[in-house]
Trainee: 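Below: one structure in structure tokens.
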Amino acid sequence: MIVLGIETSCDETAVGIVENGAMLLSNTVVSQIDIHKAYGGVVPEVAARSHIEAMTAVLEESLNTAFPDSSNQSTIDKLANIDAIAVTYGAGLSGSLLIGTLTARALALITGKPLYGVNHVEGHVYANFINSTKLSGYNLPGQSPTFPLLALIVSGGHTQLVLFKDHFDYELLGKTQDDAIGEAFDKVAKMTGLPYPGGPSIAKSALSGDPDSIQLPKSKLNRPYDFSFSGLKTAVLRASQSLAGGDYRLSSIEIPEKLNEHQKCNIAASFQKVAIETVVDKTVMAFYEHSPASVVIAGGVAANEELRKQLDLRLPVKPIYTDTKLCTDNGAMIAALGCFKANLNTTPDDPYLLEINPNLKM
Ligand code: KG4
Ligand code: ZN
């Protein structure tokens with residue numbers, strides 16, 4: 001079963017091809033980071049237009065990588081190598097989702113291959129099922145997770161703990177009540193003048209900072225597996241204003257120029273410590289309550305080295321995490337999830353009817 005997966009929910013135009021949910025054949029991603037950098041965040045209209053510009057070239061390159069022997073053939077002939085098409089139909093930015101979904105619908109109509117609309121957040125978890133590849137430059141886990149499976153999903157739009165009893169049979173243990181953890185990384189980076197996207201910038205600065213230099217609060221919520229990052233974000237703002245020599249009236253736009261490098265690194269390290277500890281504490285607690293066979297981390301923030309290190313240290317089993325190129329948005333994870341849908345005889349979606357769902361929940 002070879003599935004082609006299309007992902008355009010935010011600012012990555014991505015097409016990946018995966019065999020049997022485990023073997024990576026191609027993973028082509030065009031990121032719009034450089035375009036959105038100037039604005040300090042994703043501009044939805046610009047993102048949708050950029051997806052239109054990149055989509056056909058990304059599709060072509062992904063097919064050529066997976067099937068080099070057919071690289072001289074037409075796109076339609078190349079598509080004869082695949083068995084099904086999967087696409088992110090939610091959650092995400094509506095304009096962005098539309099480009100991927102309409103592309104997938106058109107390809108399904110032209111080729112007659114079955115079409116599977118998939119949930120982006122669920123797709124992040126399935127990146128961890130991809131365990132081997134002949135492509136160079138990938139560090140894959142070597143084995144797929146087994147059920148019951150505890151998934152910590154940490155991305156720019158989501159923070160949740162999910163217990164999968166089996167494929168498509170899961171229970172949401174908890175989720176964020178306000179900001180996602182990746183969003184908090186991005187906002188703290190903006191506040192301290194570190195470049196977009198904030199996650200990697202904070203992680204890099206934190207290496208040169210003292211994580212105990214600023215005392216920051218951990219949120220306490222009624223439901224043990226829920227998360228909240230808005231209080232932490234405000235606490236970082238207050239600490240940054242104070243380090244910059246001002247009080248709560250100092251605008252966040254003015255803070256970066258008043259901070260020196262050393263202070264920025266200390267803010268990054270102190271914030272990262274509390275943010276990571278928060279998600280690790282809850283994952284460890286869920287592990288002891290539910291005794292899963294595997295633990296995976298998924299989503300862009302799963303690329304964070306400190307998160308990986310802390311989970312390795314505190315869990316009695318080795319958590320599964322994948323190559324950083326498969327943690328951030330990509331089409332391969334969508335293809336992997338599509339493989340399991342197709343293998344389990346899920347009814348395909350109608351290519352005339354599949355609609356986007358920007359607010360799709362797990
Ligand atoms: O999964 P993803 O690519 O997109 C969403 O579905 O949201 O995640 C993007 C998020 C951004 O907030 C980015 O700052 C964060 O992942 N991120 C990181 C790291 N790399 C990406 N956060 C912390 N440390 C990293 N190394
Ligand atoms: Zn994502």
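We count ligands from 1, going down the list as the structure has it; atoms in each ligand are counted the same way.
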Trainee: Starting from atom 22 (N) of ligand 1, which protein heavy atom do you reach first, and at what distance in Å?
Mentor: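 It is Gly199 CA, 3.2 Å.
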Trainee: Considering the heavy atoms of His120, write down every atom of ligand 1 situated less than 4.0 Å from one of them.
Mentor: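 The atoms of ligand 1 under 4.0 Å from a heavy atom of His120 are 6 (O).
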Trainee: Which heavy atom of the protein is the closest neighbour of atom 15 (C) of ligand 1, given with residue, atom name and distance?
Mentor: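 Of every protein heavy atom, Val301 CG2, 3.9 Å lies nearest to atom 15 (C) of ligand 1.
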Trainee: Between Asp281 and Arg314, is there a side-chain N and carboxylate O pair less than 4.0 Å apart?
Mentor: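 Judged by the 4.0 Å cut-off on N to carboxylate O distance, Asp281 and Arg314 do form a salt bridge.
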Trainee: May I ask you to list the atoms of ligand 1 that are less than 4.0 angstrom from any heavy atom of Gly300?
Mentor: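 Close to Gly300: 1 (O), 2 (P), 8 (O), 16 (O), 17 (N), 18 (C), 19 (C), 20 (N), 21 (C).
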Trainee: Go through ligand 1 atom by atom and flag the ones less than 4.0 Å from a non-hydrogen atom of Gly182.
Mentor: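 The list of qualifying atoms is 12 (O).
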Trainee: Just to be careful: counting only protein atoms that are N, O or S, how many fall under 2.8 Å of the Zn ion (ligand 2)?
Mentor: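 Atoms of protein N, O or S type lying less than 2.8 Å from the Zn ion (ligand 2) total 3.
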Trainee: So which protein heavy atom does atom 2 (P) of ligand 1 come closest to, and at what separation?
Mentor: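 It is Asp329 OD1, 3.3 Å.
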Trainee: Looking at ligand 1, is there an atom of it that comes within less than 4.0 Å of some heavy atom belonging to Cys10?
Mentor: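 Judged by the 4.0 Å heavy-atom criterion, Cys10 does not count as contacting ligand 1.
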Trainee: Under the 3.5 angstrom rule, does the side chain of Glu183 hit a backbone N or O of Gly157 as a donor-acceptor pair?
Mentor: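 Checked: no pair found.
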Trainee: Members other than Leu97 in its cluster, when Ile, Leu, Val, Met, Phe, Trp, Tyr link by side-chain heavy atoms under 4.5 Å?
Mentor: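 Members other than Leu97 - counting any ILVMFWY side chain reachable under 4.5 Å - are Leu98, Leu102, Ile356.
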Trainee: Closest non-hydrogen protein atom to atom 11 (C) of ligand 1, residue and atom name please, with distance?
Mentor: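 Answer, as residue, atom name and distance: Asp186 OD2, 3.6 Å.
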Trainee: Among all protein heavy atoms in this structure, tell me which lies nearest to atom 9 (C) of ligand 1, with the distance rounded to 0.1 Å.
Mentor: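 It is Gly156 N, 3.8 Å.
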Trainee: Is it true that Phe168 and Phe340 have ring centroids separated by less than 6.0 Å?
Mentor: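 Centroid separation for Phe168 and Phe340: 6.0 Å or greater.
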Trainee: In plain terms, say whether Asp179 and Lys233 are close enough for a salt bridge, that is, a side-chain N and a carboxylate O under 4.0 Å apart.
Mentor: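 A salt bridge links Asp179 with Lys233.
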Trainee: Within a distance under 4.0 Å of any heavy atom of Gly157, pick out the atoms of ligand 1 and give their elements.
Mentor: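 Atoms satisfying the 4.0 Å criterion: 7 (O).
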Trainee: Do any N or O atoms from the side chain of Ser74 and from the backbone of Asp77 form a donor-acceptor pair under 3.5 angstrom?
Mentor: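 Indeed, once roles are kept as given, a pair shorter than 3.5 Å links the two residues.
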Trainee: Against heavy atoms of His124, which atoms of ligand 1 measure under 4.0 Å?
Mentor: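 Those of ligand 1 that fall under 4.0 Å from His124 are 1 (O), 6 (O).
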Trainee: Are side-chain N/O atoms of Asn128 and Thr322 paired as donor and acceptor at under 3.5 Å?
Mentor: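 On atom types as modelled, these side chains do not qualify, holding no pair under 3.5 Å.
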Trainee: Does atom NE2 (His290) have a neighbourhood of more than 12 heavy atoms from anything else shown, all under 6.0 Å?
Mentor: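 Atom NE2 in His290 is crowded, with more than 12 foreign heavy atoms closer than 6.0 Å.
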Trainee: Would you call Asp226-Lys175 a salt bridge at under 4.0 Å N-O?
Mentor: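 No, no charged N to carboxylate O under 4.0 Å.
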Trainee: Only counting residues at least two apart or in another chain, list the ones meeting side chain to side chain contact (heavy atoms under 4.5 Å, CB included) with Ala332.
Mentor: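 Expected list: Val18, Leu24, Asn27, Ile130, Leu326, Asn330.
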Trainee: May I ask you to list the atoms of ligand 1 that are less than 4.0 angstrom from any heavy atom of Thr328?
Mentor: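 Reading through ligand 1 atom by atom, the close ones are 3 (O).
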Trainee: Where is the nearest protein heavy atom to atom 24 (N) of ligand 1: which residue, which atom, and how far?
Mentor: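 Protein heavy atom with the smallest distance to atom 24 (N) of ligand 1: Asn304 ND2, 3.0 Å.
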Trainee: May I ask you to check whether Phe147 and His167 place their ring centres under 6.0 Å from each other?
Mentor: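 When the ring centroids of His167 and Phe147 are compared, they turn out to be within the sub-6.0 Å range.
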Trainee: Please list, chain by chain and in numerical order, all residues satisfying side chain to side chain contact (heavy atoms under 4.5 Å, CB included) with Asn345, sequence neighbours excluded.
Mentor: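 Not a single residue meets the side chain to side chain contact (heavy atoms under 4.5 Å, CB included) criterion with Asn345.
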